[in-house]
Structures are given as C-alpha cells and as structure tokens.
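Accompanying notes for the structure given below.
In this text the structure is predicted, and so the values were computed from the model without any measurement. Numbers restart at 1 for each chain; the letters A, B, ... are given by sequence-line order, proteins then strands. Basis for what follows: all heavy atoms, side chains included, without hydrogens, waters or symmetry-related copies.
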There are 2 protein chains.
Amino acid sequence: MVGNKRQIHDPQSVKTAVLDAALELFAQHGFADTSLRSISRKAGVSHPLILHHFGSKEQLYDSVKRRVVEGYAARFPAAARDVNRPINLRVELKRILTYVGENELALKLCARTHIDGDHQVWPGEPDLLNLIQKRIEVAQAEGLIRKDLRSLQLSIMILGIAFFWLDNRRHFAARFGKAANDNAYLNTAVKMIEEGLLPRFSASKSQDEE
Amino acid sequence: MVGNKRQIHDPQSVKTAVLDAALELFAQHGFADTSLRSISRKAGVSHPLILHHFGSKEQLYDSVKRRVVEGYAARFPAAARDVNRPINLRVELKRILTYVGENELALKLCARTHIDGDHQVWPGEPDLLNLIQKRIEVAQAEGLIRKDLRSLQLSIMILGIAFFWLDNRRHFAARFGKAANDNAYLNTAVKMIEEGLLPRFSASKSQDEE
DNA sequence: TCCACAGTTGACCGAGCGGTCAACATAGTT
DNA sequence: AACTATGTTGACCGCTCGGTCAACTGTGGA
C-alpha cells in the first residue's frame, strides 16, 4: 500500500476498487477459485475490510453481479424504446455484438453464473429476449417477416447466433484468422437469417445495407 | 462400505466408479468446488485410493475429460462417413440435439472447461465444425446452398443455434412451457436457416407441429 | 504354505480458506 | 481537546483442502 493514491478513509473508492477487482477475478477464475485475499490484494486493501463492507463472500458476489446487471439495464433501455418498431436484424445484432463485446468480463461472469444454474442473473435476459420477440411480431404483423415461424423460437436462435459467437470468437479467430471477425460474421448472419440458404434466383442485389 | 457389491480388490470397477462420480460432481459444481473427498464418498472408496489410481486431482480431471472426448469420438465418426455428401440440416441438427441431449453431464463439463479457457477439450470440435463446413461446401458445389455465404460462418451459426438451445432449453422450457421443445425448435430452425425470414410467396400451408 | 505385490485405508501434514475480533486511525462534532 | 462513529488492520480461529505415508488386506504364483 506504499504510495497508495486513495485517501485512507474513503469507503466509496474502496468499494469500487473491490468490486472492480472482484469482477475480474470472479470472471477469470470463478467463484470457488477466487479468494477474498486475492481480491483484497488486487484492490490494495486488507481482506477483513471487504467483509466489513460487503458482509460475506457470497454478498460480495451478489454485489458484483448486481452491478453487472445494472450496467446492462442502464444501456439496453435506450434500445427498448424501439419496442414497437419492426425489428432490424442487422442493427439489433450489431448492438449486441458491440455492447457485449465491450464487456467481456461481464459476459464471462454471466456465463459462469449461468452454468452454475443461476438463470435469474443473465443480464438483458429476459428483457432482451422479450424485446426481440416483440419486435419480430411487429415485423410479422407488417408483413416483413413470414408469419409461419414462431417468434419465440426465432428470438432464441438469434440470441444463440449472437452469444455463441461472442463466447467463441477468440477461439475461432485463433483458428481461422481474419476470416473470423465480427463484421464478416454479422453480414453472413443477417443474409442467412433474412434470406435463407436456398440459392437466390434474382441474384443478390436488392439488399438492405445501411 | 457395508454391503458393497464390488469385490474388494477390483481396481477396474473402482476406476469406473470414481470416473462416474467425478464426472457428475465436476459437471455440477466445477473443478474448484469439487473435493476428492466428496468424489470418494460418492464412489464408495477412500480418498487416498483416488490419488493412488489417478495420481492427482488434476490428472483425475484430465481422465474425466478424456473419457468424455472419447465418448464423443466413438459416436460421431459414424456420421463422418457422410463427409462427402451435401449437408442435410435437419438430420445434422437432430443428430446433435439427440446425442448431446443424452449427455448433459458431458455438455456441462465441456461448457466449464470451455469457459476456463481450455479450448482444446471441446468434444466434437473441431471435428464437428469441420464436418459441417465441408458438407456445406459440397452442398454449395451441387447448387443446393447459395454460394455467396461463407461456409465457415454458416457452420458457426448452425452450431450456435444448436448449442445455445442445448445450454438453455431447461431455462426456456421453465419459462415458456411446451412451446419450447426440441422438435418445435428444430423445425423452426431448419425453416429459418434454409428458407430465410422473408415472406414466402407460395403461401405457407405445410406447417410444423409433430 | 508362504511370499511378493497391488489394492486399500486411517491418520496425519502444511497450506489456504472464510470469517471474527480487539485494537488502532481518522474525520466530524461539540 | 475530548468524544464518537466509522474505516482499517494484523492476529487469530476452526475447518477443509490436496497430498503423503506407514500399515493392513486380499490375490495369485512358486
């Protein structure tokens, strides 16, 4: 703690530093494999201080998750105003790829809580799923999307295409190089989803590019 | 150990029992949160015996993962003979859904090793991805799939649609009930992927439900 | 029958864990 | 200056962990 810039009595900056350190360690190593002592070391405080501020390791974990969820909630509602407009797949996919791509730690933490059976804490879900589903239904009502496919299952597939990519893109990038990047994937995804795999008769010229 | 049916000196059945118990506990609670003692309790042996047979907790984990991978490898090669035939999306998706659906513990273990950064141990991958990609290319060569979409990205999307569903179907089933089941999802997925979302001109009469 | 050897176990070790506590440091109030 | 409330810490507790080890048990061959 020599040369520590933080004021000695500044509980708010302590809490922030602890939450930052905890998010990183929980996301990288998981709950069981992260000790309060390692978090305290990273945050530059003693480990009893964490217990003083957060009560227990479990409660600290809850606080970390809550902050992640709030971070999402603070961002997605802006998109939620579009709820009554027909979905624009390209824009929506890009929004997910961009935002989640900027928050890899949060994504990883969510994957961990998810695998541990805590389905409640999956930021943006159910909100995100609901939003997409509703906007698909609007698009169906306006004749922009065929009506014989269920909006719920379509939404799940779209999320699957997005999150599977986000979960694995590092892996794919390492294996396939530049062929595997966000934009190329996004373009192919939009084309496949909107137009399907069947051969195009009238070539592909009338596209929606934006 | 009273009433234990296993012969007292039967190292093979001990190893099997330990691997079974370890797979279940590692998959359910993760590596760090599973103790050798809990595995030994479940397997009905003492915990030093596990170390005697497997060397260390890490090596036991490796053995568990290896057995899972070998289980996949023993099953998918049968499908690999189709490598030179154009892909049949419905059959391929059904194969994945069925097999992985029957091996939820393995799926969960793979998700854990995956999130921990161990990309090597992802059964069926890269084999499964390669297989799908090649068969898409065959289909493209035969004019069954449009050629302007990259086979690699299509493969990733298809895997994403399958695995995201498998990872979350319990969650969705709890939320949406019978509307979220394997067959309905499979049907919608095949239609969306093959035909796209754009409205069908030649009406929609041949609908799913099965 | 006895022997060599692999299988198996209870007791034990050092380390690290989450959590507690008494003591100390600081800031604000009087 | 003294008091109070809160922030902060080092020392400590009981526990569980992965791993070791000497000792015991059953098996199969000489």
Side-chain angles (χ1 to χ4, degrees), chain A residues 1-65 109 112-113 116 118, chain B residues 1-65 109 112-113 116 118:
Chain A
M1 284 243 286
V2 280
N4 192 339
K5 289 174 208 143
R6 184 178 357 87
Q7 295 176 36
I8 290 186
H9 275 78
D10 185 353
Q12 198 49 56
S13 80
V14 165
K15 286 181 186 174
T16 303
V18 168
L19 286 172
D20 287 343
L23 169 60
E24 185 165 341
L25 292 173
F26 282 144
Q28 282 174 352
H29 310 299
F31 179 79
D33 234 4
T34 300
S35 69
L36 288 179
R37 283 167 172 85
S38 68
I39 297 171
S40 74
R41 229 174 289 128
K42 193 173 192 100
V45 297
S46 65
H47 91 270
L49 188 54
I50 296 181
L51 294 163
H52 172 73
H53 283 304
F54 295 93
S56 70
K57 189 186 179 187
E58 297 275 358
Q59 289 174 65
L60 170 62
Y61 194 45
D62 287 340
S63 296
V64 170
K65 288 187 288 188
L109 186 77
R112 288 193 182 278
T113 67
D116 287 333
D118 186 356
Chain B
M1 285 244 288
V2 280
N4 192 336
K5 289 173 206 144
R6 181 167 69 286
Q7 295 175 38
I8 291 187
H9 276 75
D10 184 352
Q12 198 48 55
S13 81
V14 165
K15 286 181 186 175
T16 303
V18 168
L19 286 172
D20 287 343
L23 170 60
E24 186 165 340
L25 293 173
F26 282 144
Q28 282 174 351
H29 309 299
F31 179 79
D33 235 4
T34 300
S35 68
L36 288 179
R37 283 168 173 84
S38 67
I39 296 172
S40 72
R41 228 173 291 130
K42 192 173 193 100
V45 297
S46 64
H47 91 269
L49 188 54
I50 297 181
L51 294 164
H52 172 73
H53 283 305
F54 294 93
S56 71
K57 189 185 178 187
E58 296 276 357
Q59 289 174 64
L60 169 63
Y61 195 44
D62 286 342
S63 296
V64 170
K65 288 188 288 188
L109 186 76
R112 289 192 182 278
T113 66
D116 286 334
D118 187 356

Toward the 5' end of DNA chain C, by each residue's nearest nucleotide, Pro48(A) or Ser38(A):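 Looking at the nearest nucleotide for each, Ser38(A) comes out on the 5' side.
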
Contact nearer the 5' end of DNA chain C, comparing Gly55(A) with Ile50(B):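 Result of the comparison: Ile50(B).
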
Minimum-distance pair of heavy atoms, taken over all atoms of [X] and [Y]:
{"X": "Phe54(A)", "Y": "Gln59(A)", "result": "O-CB, 3.1 Å"}
{"X": "Ile50(B)", "Y": "Leu36(B)", "result": "CD1-O, 3.7 Å"}
{"X": "Thr34(A)", "Y": "Lys57(A)", "result": "O-NZ, 2.8 Å"}
{"X": "Ser40(B)", "Y": "Ser46(B)", "result": "CB-C, 3.7 Å"}

Check the phosphate of [N] against [X], side-chain N and O only, distance under 4.0 Å to OP1 or OP2. Yes or no?
{"X": "His47(A)", "N": "dT8(D)", "result": "no"}
{"X": "His52(A)", "N": "dT8(D)", "result": "no"}
{"X": "Ser35(A)", "N": "dG16(C)", "result": "no"}

Could you state the [atom1]-[atom2] distance from [X] to [N], rounded to the nearest angstrom?
{"X": "His53(B)", "N": "dG7(C)", "atom1": "NE2", "atom2": "C1'", "answer": "6 Å"}
{"X": "Asp10(A)", "N": "dT26(C)", "atom1": "CG", "atom2": "C1'", "answer": "12 Å"}
{"X": "Lys57(B)", "N": "dC17(D)", "atom1": "NZ", "atom2": "P", "answer": "9 Å"}
{"X": "Phe54(A)", "N": "dT8(D)", "atom1": "CZ", "atom2": "P", "answer": "11 Å"}
{"X": "Arg37(B)", "N": "dC12(C)", "atom1": "CZ", "atom2": "C1'", "answer": "10 Å"}
{"X": "Arg41(A)", "N": "dG10(D)", "atom1": "CZ", "atom2": "P", "answer": "13 Å"}
{"X": "Phe31(B)", "N": "dC17(D)", "atom1": "CZ", "atom2": "P", "answer": "13 Å"}
{"X": "Asp33(A)", "N": "dC17(D)", "atom1": "CG", "atom2": "P", "answer": "14 Å"}

Residue pair Glu24(A) / Asp20(A), side-chain heavy-atom distance below 4.5 Å: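 In short, these two side chains do not touch, never coming nearer than 4.5 Å.
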
[X] side-chain proximity, nearest of [options]:
{"X": "Ser56(B)", "options": "dG19(D), dG10(C), dT8(D)", "answer": "dG19(D)"}
{"X": "Leu36(B)", "options": "dG10(D), dG18(D), dC21(D)", "answer": "dG18(D)"}
{"X": "Pro11(A)", "options": "dG7(D), dG19(C), dG10(D)", "answer": "dG7(D)"}

Sugar-phosphate only, base, or nothing, as touched by Thr34(A) at under 4.0 Å among non-hydrogen atoms: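 The answer is sugar-phosphate, as Thr34(A) gets under 4.0 Å only of primed atoms, P, OP1 or OP2.
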
